[in-house]
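Everything numeric here is computed off the predicted structure, so don't read it as measured data. Note that these values count all heavy atoms, side chains included, but never hydrogens, waters or copies made by symmetry. We name chains A, B, ... by the order of the sequence lines, and we start the count at 1 in each one.
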Protein chains: 2
Amino acid sequence: MQEINVILVDDHAVVREGYRRLLERDLYIKVVAEGETGDEGYRLICDHLPDVVVMDITLPGMSGIEVTRRVLARVPEQKILIFSMHEDMVFVNRAFQAGAKGYVTKSAAPEVLIDAVRQVAMGKLYLSSEMAQLIAAQTIPGGEQSIDLLSGREFEIFRLLVQGQSLHEISEALHISYKTVANYQSNIRQKLGATTAAQVVRIALDHGIIWSADKV
Amino acid sequence: MQEINVILVDDHAVVREGYRRLLERDLYIKVVAEGETGDEGYRLICDHLPDVVVMDITLPGMSGIEVTRRVLARVPEQKILIFSMHEDMVFVNRAFQAGAKGYVTKSAAPEVLIDAVRQVAMGKLYLSSEMAQLIAAQTIPGGEQSIDLLSGREFEIFRLLVQGQSLHEISEALHISYKTVANYQSNIRQKLGATTAAQVVRIALDHGIIWSADKV
DNA sequence: TATCATTTCGGGAAGAATTCCTAACCGTAT
DNA sequence: ATACGGTTAGGAATTCTTCCCGAAATGATA
């Protein structure tokens, strides 16, 4: 078996240290560089062109997904494995949309990461089994493109809801009955697979309908 | 120097693996057990009574801060070091309120964690320098955020709520009555000046308690 | 030590919100 | 014309939320 050159990109030094030691338990895997930010990771990847990149999503500045997109725009064959704490389908979808070759969660067993790196290096796609199960089970809030299931009116009410408006305020703003708004909310939650209001807001966040104050 | 027995509590197996290898680079430090959830960590700590606990905040169910509170209620002299990705002052404050002996962020240099474990084992308090700077910077311009009005328990439930957990799930995770959680939610909303669940989530966003996929 | 404030915990009851069912109305596509 | 989906609501049962209360534990302070 050939040697597998790997670049790690993660903003947590201690965590990176752990990956490196874990991955190098496999004698064929060699970590050739480590990046701390999205920009640094991008430069390192373009310079080294490693066999596999293990990349976190949450990074200072450019996110791991954005780095993936940019790298693949210049080096389409580059193999990038997303290794994230996010167990949300939205992230998995975005990762593969960006062209990532694999997605592994940090809660997976250590051996899974090694396996994933080897699989991806061989040109295969890799999705950790928990994530694959999530895809199979379609009860995930925000899974698939659930937001597209919303009708125009539903989407409009959805937006007002996640902005923090009360049902009463919405009914006045739209000149419809409170009861109608309440019914819409029920339908929206069902279509999105959400059981709590917070989950609905989270879906809105994931789709960029609203955003947090400290977002760059 | 005496041997330092350590217990690790973190929900990410790969990350835990990394800590273990990193910490045991120091010959006096010995990792005697690893916990994956809040409940498991609590049991392990009570059973082993290690010299130092290295604990993440974000855990399934009970948070690391909640575990800290509970452990210290029974073993007041237990030394607990919070090791979290959160660089928000809110979390540092909560950690020390709960009785933690140290707070180190995961973005700190690897040696910092080892140093922190040693300091805490010797009975000292430890705060990584970035966090110490944040404290210094925050004392002047700060100005009483509404979120500071929340008690420890209220903040704990607040976090679970905005993560999308139902009242029933929270009551099970914290082993308290549904009614208590419902009452807490009312108090939280009042203290935060929020009338809808979505507004509560927005406040959490603004304080960095949760974040959106939109950074992707 | 005694005291007072705070926090944690929950029951009861009234009121509000949510769900589920139903149905009307209106375009549009078949 | 018929069928379909979207918009609009009411009714009833259920669930959630608030506001009231109090008990127990904790913590600070005099």
Glu156(B) has an atom CD; how far is it from atom P of dT7(C), in whole Å? 16 Å
In plain terms, say whether Lys79(B) and Asp51(B) are close enough for a salt bridge, that is, a side-chain N and a carboxylate O under 4.0 Å apart. no
What's the spacing between Tyr103(B) OH and Leu127(B) CG if we round to 0.5 Å? 9.5 Å
Quick one: His168(A) NE2 to dA17(C) P, roughly how many Å, whole number? 9 Å
May I ask you to decide if Pro50(B)'s main-chain N or O and Gln78(B)'s side chain share a donor-acceptor pair within less than 3.5 Å? yes
Check the distance between dG10(C)'s P and Leu174(B)'s CG and give it to me in whole angstrom. 11 Å
Tyr184(B): what forms a ring pair (Phe, Tyr, Trp, His ring centres under 6.0 Å) with it, not counting sequence neighbours? none
Counting neighbours of NZ on Lys191(A) that are heavy atoms of other residues, nucleotides or ligands and sit closer than 6.0 Å, is the number greater than 12? yes
Just how far, in rounded Å, is C1' of dC16(D) from CG of Leu161(B)? 13 Å
How about His175(B) and Asp39(B): does a side-chain donor come under 3.5 Å of a side-chain acceptor? yes
For the helix from dT1(C)-dA30(D) to dT30(C)-dA1(D), what angle lies between the axis at the first five pairs and the axis at the last five pairs, to 10 degrees? 30°
Would you mind reporting whether Val54(A) and Val9(A) have side-chain heavy atoms less than 4.5 Å apart? no
Nearest 0.5 Å, please: how far is CD1 in Ile65(B) from CZ in Phe96(B)? 10.0 Å
Nearest-0.5 Å distance, CG of residue Leu192(A) to CZ of residue Arg202(A): 14.0 Å
Kindly state each residue pair satisfying salt bridge (Lys or Arg N to Asp or Glu O under 4.0 Å) with at least one member in residues 6-20 of chain B, sequence neighbours excluded. Arg25(A)-Glu17(B), Asp10(B)-Lys106(B), Arg16(B)-Glu34(B), Arg16(B)-Glu36(B), Glu17(B)-Arg21(B), Arg20(B)-Glu24(B), Arg20(B)-Glu34(B)
Smallest heavy-atom separation, Ser107(A) atom then His12(B) atom, equals N-CD2, 3.5 Å
Does the side chain of Glu156(B) come under 3.5 Å of the side chain of Ser63(B) through a donor N or O and an acceptor N or O? yes
Please tabulate, one pair per line, each protein N/O and nucleotide N/O from nucleotides 5-7 of chain D that are separated by under 3.5 Å, including the distance.
from: dT7(D); atom 1: OP1; to: Arg153(A); atom 2: N; distance (Å): 2.9
from: dT7(D); atom 1: OP2; to: Ser151(A); atom 2: OG; distance (Å): 2.3
from: dT7(D); atom 1: O5'; to: Tyr184(A); atom 2: OH; distance (Å): 3.4

What does the list of N/O pairs under 3.5 Å between the protein and nucleotides 17-19 of chain D look like, with a distance for each?
from: dT17(D); atom 1: OP2; to: Gln185(B); atom 2: NE2; distance (Å): 3.0
from: dT18(D); atom 1: OP1; to: Arg189(B); atom 2: NH1; distance (Å): 3.4
from: dT18(D); atom 1: OP2; to: Ser186(B); atom 2: OG; distance (Å): 2.6
from: dT18(D); atom 1: O5'; to: Ser186(B); atom 2: OG; distance (Å): 3.3
from: dT18(D); atom 1: O4; to: Lys179(B); atom 2: NZ; distance (Å): 3.1
from: dC19(D); atom 1: N4; to: Asn183(B); atom 2: OD1; distance (Å): 2.7

Close N/O contacts between protein and nucleotides 25-28 of chain C (under 3.5 Å):
none

Near His48(B) NE2, under 6.0 Å, is it more than 12 heavy atoms from other residues, nucleotides or ligands? yes
